[in-house]
Amino acid sequence: MSVVGEKLQPTVFELSRPGRGDGKIPHPPAGALDRIPAAARRATPLALPEIAEPEVVRHYVNLSALNYSVDTGFYPLGSCTMKYNPKLNEWAARLPGFAGLHPLAPDAMAQGTLQLLWELEAMLAEISGMTAVTLQPAAGAQGELTGILMVRAYHRSRGDLERTEVLVPDSSHGTNPATASMAGFKTITIPSAPDGGVDLDAFRAALGPKTAVIMITNPSTLGLFESRIGELLEATHAAGALAYMDGANLNAILGRFRPGEAGFDVMHFNTHKTFSTPHGGGGPGAGPVGVREALEPFLPEPRVLREPDGSFRLERAGERPTSIGRVRSFFGSTGVLVRAYAYLRAHGGSGLREVSDDAVLAANYLKALVGQAYEVPFDRPCKHEFVASAAGLKHRTGVRTLDIAKRLIDKGYHPPTIYFPLTVEEAMLIEPTETESLETLDAFAAALVEIAHEAETDPGLVTSAPHVAPVRRLDEATAARQPNLRWRGVTGLETPCPQ
Ligand SMILES: *Cc1c(COP(=O)(O)O)cnc(C)c1O
């Protein structure tokens, strides 16, 4: 069944009328089908919709106008760094030399791409204070897995087989424990202290000869810089464990904090977040991983190597037996990596520092405005994002964070991240990024404050939102567990009909 709301429309199958699409699809020459064995031929023709070209164009253009994107409005989704993505990067990624390169092209024909990848590795190493970088992983989550597999290989290479545990703070992103369990480790969750940082006593109590690695997000998913990072890293290394940094929040610390210098052994980057690739639709992304010397032998193969004559080549299979092996086909998400390269070159070192400074300034400014109507649980400056809570509002009026998010849609905004991190009741995680204007931040804060007033005076207006969206409230549990994403028409020449 298609969803048909006020602004929605029938599916392209429901618009189909026999004979309308005639002449657009060339028919095979007479007798062509006879050469295909009968068993491989369809018993009934494929049920393609029959529809005239202008109707097809209008159908898809109208559907595209229902999308919300960072190109159409403010996108304050916390933890995701939904910054504006410069169009120059799109041009760069589409250059035929990059976009048209065959993935199996010999090294001699791929010198430009190999050089770009080699230089990008060097730039990421410099930004992070790491000694070497792999660009292969497809996104942050796969970067985590790659990093933790290298940690596992490191301990094994030393004959240290007792380290079966990964320590993860309770504010961490769900991918951290998921990664630990995929790599065969047991996750030990460390509670947060009242200031939002890792509880040092609980951490020390959990740390020991069984700890393989700690995974710390810095700044954390609460938007707070981990102020006890020195103690955490020192204790970790003293216990013989390694330290992993989830670098998803790198947007806040470019040019200010280098994880490798601070003592982290391995980290991932989310280039689609920090270095601008459109990722609202879910991908593709890229999750390069940086390591310090101890983990370098275990990097995925093939690495990009520079020969003494200045040419570039890919490592041959088996050339470095300590490698954990391939984690992704070919060069990784090359188009995303080209965008990251273009972004880095356009900004340069001082430009990147400015990116972070502006992102932090924007978040603290917005936090002060939003704090007029909602609780902001941690009373210290935030980094690139902050948590607000509607717990008080809920107790007074019954209006929950979910309702506020839905009401924001009426006011023309994409909602922030809600109910994450799990450690804050009725949480809204808000990340403005450095690319939004003062006027946009003011207008968004005003909308949130207005919703808080509506909740006090007319709570029903908020709890029944959205009122102007193409669809109203969905059954989110069913939508997540039993998504109905496929058209199931009848096969045959007759017009397919909805089921
Ligand atoms: C986004 C994010 C991840 C996962 O990264 P993907 O690129 O989406 O796979 C991990 N940790 C944190 C804190 C994140 O925000």
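What you see is a predicted model, and the numbers here were worked out from it, not measured in a lab. Numbering of ligands and ligand atoms starts at 1, following listing order.
- The local environment of NZ in K210 is sparse, with at most 12 non-hydrogen atoms from other residues, nucleotides or ligands closer than 6.0 Å.
- Under a cut-off of 6.0 angstrom, the local environment of CZ in R380 is crowded, with over 12 non-hydrogen atoms contributed by other residues, nucleotides or ligands.
- Aromatic pair Y68/Y413: centroids not less than 6.0 angstrom apart.
- The environment of CG in D475 is crowded: more than 12 heavy-atom neighbours from other residues, nucleotides or ligands sit within 6.0 Å.
- In this structure, E319 does not pair ionically with R303, as no charged nitrogen and carboxylate oxygen lie closer than 4.0 Å.
- Between the side chains of S389 and E426, not a single donor N or O lies within less than 3.5 Å of an accepting N or O.
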Give every pair formed by an N or O atom of ligand 1 and a protein N or O atom closer than 3.5 Å, one pair per line with both atom names and the distance to 0.1 Å, or write none.
residue  : atom   : partner : partner atom : Å
ligand 1 : 5 (O)  : N270    : ND2          : 2.9
ligand 1 : 7 (O)  : G140    : N            : 2.8
ligand 1 : 7 (O)  : N270    : ND2          : 3.0
ligand 1 : 7 (O)  : H272    : NE2          : 2.8
ligand 1 : 9 (O)  : G140    : N            : 3.3
ligand 1 : 9 (O)  : A141    : N            : 2.8
ligand 1 : 11 (N) : D246    : OD1          : 3.3
ligand 1 : 11 (N) : D246    : OD2          : 2.6
ligand 1 : 15 (O) : S79     : O            : 2.9
ligand 1 : 15 (O) : S79     : OG           : 2.7
ligand 1 : 15 (O) : K273    : NZ           : 2.8

